[in-house]
Colleague: 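Right, I'll just put the structure down here and ask away after.
Predicted model only: the values in this text are computed from it and were never measured. Here, residue 1 is the first one in the sequence, and each next residue gets the next number. One-based numbering, in listed order, for ligands and for the atoms of each.
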Amino acid sequence: MPLLYPNIVEATRHTVGSWLDKYISNEKAKLDIAAHVGYYGDDPYTLSMFYFGMAQAGFIGPGGHFVKGGSQQLSNHLAAYIEQQGGTVLLGKKAEKIITQNGRVTAVTFRDNFNDGIEPVTISCDNVVANCAIPLVPAMLEEPHATALQQQISSKTNSTSLLCLYLGFKTDVEKFGVKHYSNYILSDEVKTLKDVHPNQLDDWPKRSFIFVDYNKIDAELAPPPKSVGAICGVDHLKNWEGLSKEDYKAKKEEVAQILLDRLDKQFPGIRESVEYYEVATPKTNQRFTSNPSGSVYGYAQSKEQSGLKRFRNNFLIPNLYFASAWTFPGGGFNGAIMAGFLAALQMNRDKIWSACDEAKYVDQRIVPLLERKKIDDKTLELSFEKPAKFQHQKGQYAILNIMKPKITELDLPYRWLPVVSSPEEDSIRFRIELDGSSFSKSCELIDISEEAIIFGPMV
Ligand SMILES: Cc1cc2nc3c(=O)[nH]c(=O)nc-3n(C[C@H](O)[C@H](O)[C@H](O)COP(=O)(O)OP(=O)(O)OC[C@H]3O[C@@H](n4cnc5c(N)ncnc54)[C@H](O)[C@@H]3O)c2cc1C
């Protein structure tokens, strides 16, 4: 049978590097074409040409897109949709066990992320979608499924991680010569495509990076005339392991200064405009997503692990679906959303649904406001009913999340705050700085009996 799409078949057999070497001799042209490699991996000579070509065609054709207000808005929208359909979204809970019987999933056990005093809860279910990293799933499964999955994944390699320096500028940075949204700052060390990977492992004074100026698009991230930017580069968890708390902090600061210097060299004067910066390392990625090695794209998109070679849906147990960056088609928002969509299509085909259970899980962390008191011009005190089993010690913190914030402009509806009430009191009190943020304004406008979620306690 003749091949209908020989170019696509050929791409599946190539890495980006081997494909470019075959068709292009000019090294500068190869580097230009492969400038976005860091969006998908760390080595053009292992990254699948098929995967890179598909993703890059999207950039060149329909173009890239940005979620106004940042990616949290996307999560908020999806969560709101689930709740509108009668579902419940539980944050700050960790799935611990996927329970099986006769080769099928029957229930999931989860516990509170912060409060060990809250007993684990087991909820029975018709289907489970594991949308965390696949390498985390064997530890949640019973035998023989745990070993079966472990055997299937043991030879897989994880994708790279990233380091980001988030920047708040006093002004628009166009005046410093920033002309584009995405600016790839290629290291002087990189002369040929073969230099790209070694350079990704080099020290920060030499490693290539991308600088993004969010003011070039209608990003809704900062109030004018301020603007937001980010420096992002490939990084690996091993560069940040084994450090004491102080050394970790010091290394973050050292890398921030190196990158700020290099940015200033590229766009003279820009450094003066920086009024806030914060570094997120592969360790940060791992901590907040639980993705092993802080991987941001799931399993690496090598030619051995991309396209049809990726895991799909319910390959292990009929009613256990997998949908994340670690499955087909892969990482990034598009990839993860598509994986969820494919899992939903498959679930619709499988139709493993029983009547909806009317009994709803009661989230004990949701509590009403009891009292709102202005302490002075700059401080507001809110007093909530104490969540059941919330036992804090003096000096501990909690996250206060307003459920229906009245003002959300350029802000998120939660803060990490010290608990100011004593452990013996029946209520839980927080002091909020009236700093003009949407969060503080929402706190001023919150009505008595209105509900908030309190996550904690934590140090
Ligand atoms: C700095 C950075 C910049 C990026 N930029 C872009 C970009 O511009 N465009 C793009 O398309 N992609 C980007 N990505 C990649 C993109 O964010 C990811 O590929 C995508 O979010 C993967 O989605 P996911 O749903 O598979 O997993 P994740 O977003 O990693 O979410 C996994 C979730 O599972 C939760 N979880 C894990 N274990 C458990 C458990 N046991 N119980 C309960 N919950 C659990 C975690 O807490 C986490 O919330 C970026 C990533 C990073 C880190």
Colleague: Salt bridge between Glu96 and Arg111, side-chain N to carboxylate O under 4.0 Å?
Modeller: yes

Colleague: So which protein residues pack against ligand 1 under 4.0 Å, heavy atoms counted?
Modeller: Lys93, Lys94, Ala95, Cys132, Leu136, Met140, Leu162, Cys164, Tyr166, Asn285, Phe288, Thr289, Ser290, Asn291, Val296, Ser324, Ala325, Gly331, Gly332, Phe333, Ala336

Colleague: Salt bridge or not between Lys179 and Asp213? Use side-chain N to carboxylate O under 4.0 Å.
Modeller: no

Colleague: Determine, using ring centers only, whether Tyr40 and Phe52 are less than 6.0 Å apart.
Modeller: yes

Colleague: When the ring centroid of Phe110 is compared with that of Tyr361, is the distance short of 6.0 Å?
Modeller: yes

Colleague: Compute the ring centroids of Tyr184 and Phe209, then answer whether they are less than 6.0 Å apart.
Modeller: no

Colleague: Are Glu174 and Lys216 ion-paired here, with the side-chain N under 4.0 Å from a carboxylate O?
Modeller: yes

